[in-house]
Amino acid sequence: MSKSKDFLRTIVEEDLKSGKYQEVHTRFPPEPNGFPHIGHAKSIAINFGIARDYQGRCNLRMDDTNPTTEDTKYVEALKDAVKWLGFEWDDSVRFTSDYFPKLYDYAVELIKMGKAYVDSINEEEMREYRGTVTEAGKRSKYAERSVEENLDLFERMKNGEFKDGEHVLRARIDMSAANMQMRDPLLYRIRHAKHHRTGNEWSIYPMYDFAHCLSDYIEGITHSLCTLEFENNRAIYDWVLDTLELDPPRPYQYEFARLAVNYTVMSKRKLLELVEGGQVSGWDDPRMPTIAGYKRRGYTPESILTFCDQIGIAKANSMVDVSQLEFCIRDDLNTKVPRVMCVLDPLKVTITNYDEKEELDASYYPDDVPKEGFRKLPFSREIYIERDDFSQTPPKGYFRLTPEQPVRLKHAYIISCEEVIKDANGNITEIKAVYHPASKSGSDTSGIKVKSAIHWVSAKEAKTVEVRLYDRLFTNEVPESVEDINPDSLKIIKNALIEPAVITDKPDERFQFERQGYFYADPIDYSDETPVFNKIVGLKDSWGKKKKKAPKSEHKPQAKKEQIDGEVAPMSESEQALFDKYTAELKLNSEVANTLARDKRLSSFYEDALSMLNSPVALANIVANEVARELKENEGETLKFTAKQVAKLVKMLDNETISSKIAKQVFEEMAKSGEEPTQIVEAKGLIQISDTSVIAPIIDEIIAKNPDNVAKFKAGNTKLLGFFVGQALKATGGKANPKVVNELVAKKLK
RNA sequence: UGGGGUAUCGCCAAGCGGUAAGGCACUAGUUUUUGGUACUGGUAUUCGGGGGUUCGAAUCCCUCUACCCCAUCCA
């Protein structure tokens with residue numbers, strides 16, 4: 001819970017605190033035109049998660065405004081995904097199509113206001129008229145139609161009197177807007193298509209930009225959270241809601257970065273290619289990043305949710321490492337699932353000195369997993385071990401069975417290799433071994449030390465199962481095409497051998513196959529005749545890693561990329577003159593002079609202030625930095641403070657009535673309220689304290705309270721000077737003279 | 001090329017003028033009948049680059065660079 005808040009939660013919290021809204025209400029609004037993937041999971045986790053965290057509500061809304069791409073099967077898949085992840089939507093599932101009548105009325109209203117018109121140019125003309133990113137567009141002649149004509153045309157569009165593409169309804173905004181989205185965006189188009197819910201009732205369908213904001217409003221959404229690519233659409237969102245002058249409160253849109261994971265593709269198009277190209281078995285292929293795929297693979301909803309939680313929410317486009325996801329599922333399953341033994345690549349071992357048969361008690365869980373349960377494990381003369389677990393010529397650091405090195409059979413006895421049997425080609429076909437009777441697991445008195453315990457199955461009792469080993473679908477971190485497909489992403493082992501209890505007792509559907517990884521009984525192909533297990537994820541394998549790392553890649557020195565500075569636009573003649581004057585006469589440094597000279601508002605503000613107080617450098621600094629910020633932040637608006645006030649502030653700074661730190665504070669007050677700086681200082685008692693006899697005891701106290709940091713400082717961590725100064729300043733409400741504090745601290749800590 | 005965004009460790013990501021959080025990955029060690037888990041350490045003298053303001057800058061100012069989004073009758 002100590003995890004820091006993301007920016008969306010921060011916004012929500014502030015809005016709740018300020019009373020902007022009584023309750024948060026979010027929504028997850030997919031278009032039902034494809035199967036949900038892990039990117040949707042992130043959106044689900046955000047929208048439902050925020051609603052849950054702040055005791056609000058979250059709707060599930062199908063944004064079904066395009067009848068040609070949407071289908072009911074997708075709405076079912078979407079509902080399943082939300083449910084599987086453990087969330088419940090508020091009330092019933094919403095559909096934008098439910099609002100078609102209302103949306104139509106809003107459009108009529110816009111037409112009546114003269115804010116929307118029916119346009120009748122064709123697509124090609126439309127593109128031409130829209131202009132380009134650098135050139136303004138222009139309106140078509142149809143924009144001049146009267147309100148009556150527009151109303152009539154729009155109604156006839158609705159009644160199906162026109163063909164597709166003959167007319168559209170557009171918002172009347174600004175064909176020369178720098179934001180391309182605002183160049184009279186389309187609101188409605190004619191579409192004679194069967195909608196998956198409304199059938200043929202409608203001939204016109206609203207566009208995203210018109211439908212989404214209003215659907216949010218209709219549902220009482222407070223925070224409309226979407227991905228970054230809609231940033232430019234926010235202006236329309238606001239425009240529609242504002243020009244309609246709807247009763248408050250209204251929703252606001254915020255954008256976050258969509259999820260990208262390396263070695264996977266996420267776009268609907270690429271996913272579809274995989275399915276149609278037969279590279280995968282379907283949308284629920286365990287290698288697919290779809291919710292159905294993860295589900296079939298054996299991922300738990302908890303692990304997906306933890307993953308979404310761990311990656312955070314931000315506005316920077318980023319690419320998450322799959323290993324983060326893999327960690328989440330391993331971590332989740334580690335404490336949940338039974339451990340069993342399954343041999344993937346069997347090597348026969350005959351224990352020559354064992355003729356009996358026994359059943360061993362074996363716990364399903366290791367000691368560090370607080371769960372109980374055990375099964376009977378048959379042990380006999382003939383067993384199978386993993387081929388990897390024997391080596392005749394072991395590499396360095398090999399812990400398993402060798403001709404010289406005994407090994408423990410997990411839950412059973414220690415065995416030693418006596419003889420290696422090979423076929424004509426020299427392949428090992430069998431091991432003859434002996435067991436040590438006194439070494440039985442749990443009552444070992446043999447005193448034999450082994451380096452590891454390996455898994456095994458009893459030959460006679462073991463069941464044959466099919467195991468499907470999955471690896472990442474692509475070999476490329478950022479897959480481009482099918483050429484990047486990993487040819488080994490699926491390996492099927494038909495004759496793996498598993499201990500019988502797994503099949504007969506079915507203690508769970510997910511297992512850890514000891515020393516191999518986590519596996520899931522395939523929900524579709526599993527049958528008692530041929531049990532099928534999907535590999536969810538492997539265990540961490542530091543041995544395998546060590547082996548592979550032989551050709552240790554040289555540390556790439558990766559010299560910092562040299563950055564070349566671009567050219568700075570030249571100054572105009574008057575700017576240059578100003579710059580020269582500032583640097584030569586007023587002795588400003590070139591950087592500050594540059595900032596001032598290039599900005600008309602700044603330079604005139606500066607000149608004004610200068611006429612009242614002859615302190616060119618201090619004034620220039622504050623204008624070029626603080627005033628510049630205020631100007632930037634309140635673009636267009638007039639400043640609340642005057643040059644005269646700034647001059648007064650600088651004067652106090654000049655005669656050291658206040659410190660520079662306090663000056664910033666006062667400036668901010670002044671910028672916010674327009675109050676006189678002298679008054680602010682007086683009212684708050686912000687006069688600087690430079691008296692060492694006042695400051696010294698404060699520093700002493702801080703030093704006494706922070707012995708650790710004092711020690712660190714004395715050990716050479718000089719950065720900590722700032723810490724002590726900061727503490728002293730905090731203790732005096734920022735009033736202590738920082739220069740004096742600095743000196744004092746340095747002296748006392750010496 | 002206009003507009004809108006974004007840049008903090010190999011990958012995510014906190015941070016909002018006063019000691020560069022955390023997770024993954026990596027790495028060393030301890031425990032271990034899973035080369036798993038758990039635990040303990042190590043990993044950014046530095047925040048895209050360069051300047052400036054300040055006693056003090058990842059945070060404020062200027063400037064440059066790189067990447068993403070926008071010219072579908074898609075969402």
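Residue numbers begin at 1 in each chain, while the letters A, B, ... track the order of the sequences.
- Minimum atom distance to the side chain of A/S441 is reached by B/U33, of the listed B/U33, B/G2, B/C55.
- Residue A/N625 places a side-chain atom within donor-acceptor reach of the base of B/G52, judged by atom type and a 3.5 Å distance cut-off alone.
- In this structure, A/F724 has no ring pair (Phe, Tyr, Trp, His ring centres under 6.0 Å) partners at least two apart in sequence or on a different chain.
- Between the base of B/G4 and the side chain of A/R234 there is no donor-acceptor pair shorter than 3.5 Å.
- Look at A/S318 and you'll find a side-chain N or O under 4.0 angstrom from OP1 or OP2 of B/A13.
- Expressed to the nearest 0.5 Å, how far OH of A/Y117 lies from CG of A/L187 amounts to 10.0 Å.
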Less than 3.5 Å apart, which donor and acceptor atoms pair up between the side chains of residues 706-720 of chain A and the rest of the protein, not counting sequence neighbours?
unit_1	atom_1	unit_2	atom_2	d
A/N706	ND2	A/I702	O	2.9
A/N717	OD1	A/K719	N	3.4

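- Comparing atom distances between the A/K661 side chain and each of B/C73, B/G56, B/U33 picks out B/G56 as nearest.
- Spacing between B/C24 and B/G42 at atom P, rounded to whole Å, works out to 16 Å.
- Taking side-chain N and O atoms only, A/R170 has no distance below 4.0 Å to OP1 or OP2 of B/C73.
- Contact annotation: A/R258 does not reach the phosphate of B/G5 (side-chain N/O to OP1 or OP2, under 4.0 Å).
- An OP1 or OP2 oxygen of B/A75 is reached within less than 4.0 angstrom by a side-chain nitrogen or oxygen of A/T65.
- An aromatic stack links A/F399 and the base of B/G35, using centre distance under 5.5 Å and interplanar angle under 30°.
- In this structure, the side chain of A/E125 engages the main chain of A/N122 through a donor-acceptor pair within 3.5 Å.
- Phosphate contact (OP1/OP2 of B/G56, side-chain N/O of A/K739, threshold under 4.0 Å): absent.
- Proximity of A/N621 to the phosphate of B/U54: a side-chain N or O atom is located under 4.0 Å from OP1 or OP2.
- Under 4.0 angstrom from either OP1 or OP2 of B/A75 there lies no side-chain N or O belonging to A/R61.
- You won't find any donor-acceptor pair under 3.5 Å spanning the side chain of A/E135 and the base of B/U1, going by distance alone.
- Annotation: ring pair (Phe, Tyr, Trp, His ring centres under 6.0 Å) contacts of A/H167 (sequence neighbours excluded): A/F162.
- Within the structure, a side-chain polar atom (N or O) of A/R515 is placed less than 4.0 Å from OP1 or OP2 of B/G35.
- Side-chain nitrogen and oxygen atoms of A/S542 include at least one within less than 4.0 Å of the OP1 or OP2 phosphate oxygen of B/G36.
- Look at B/U40: its Watson-Crick or wobble partner, with both distances under 3.5 angstrom, is B/A28.
- Mapped onto RNA chain B by nearest heavy atom, A/R330 and A/L409 fall at different nucleotides, with A/R330 at the one closer to the 5' end.
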Sequence-aligned protein contact record of nucleotides 64-70 of chain B, with B where the base is within under 4.0 Å of a protein heavy atom and S where only the sugar-phosphate is
SS--SBS

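- Of the residues in residues 587-594 of chain A, those placing a heavy atom less than 4.0 Å from an atom of RNA chain B are A/N589, A/E591, A/V592, in numerical order.
- A side-chain donor-acceptor contact under 3.5 Å links A/D164 to the backbone of A/H192.
- No side-chain N or O of A/N179 forms a donor-acceptor pair with one of A/Q181 less than 3.5 Å apart.
- When atom types are taken as modelled, the side chain of A/N334 and the backbone of A/R330 share no donor-acceptor pair closer than 3.5 angstrom.
- In this structure A/Y205 satisfies the ring pair (Phe, Tyr, Trp, His ring centres under 6.0 Å) test together with A/F100, A/H195, sequence neighbours excluded.
- Pair assignment for B/A14: none, as no Watson-Crick or G-U wobble contacts are both less than 3.5 Å.
- Judged by distance alone, with hydrogens and angles left aside, the side-chain atoms of A/K410 form no donor-acceptor pair with the main-chain N or O of A/W456 at under 3.5 Å.
- Evaluation of atom-type donor-acceptor distances gives a pair under 3.5 Å for the side chain of A/K719 against the base of B/U46.
- For B/G35, the base is stacked against the aromatic ring of A/W543, per a cut-off of 5.5 Å between centres and 30° between planes.
- One cannot find a donor-acceptor pair under 3.5 Å joining the base of B/G35 and the side-chain atoms of A/K545.
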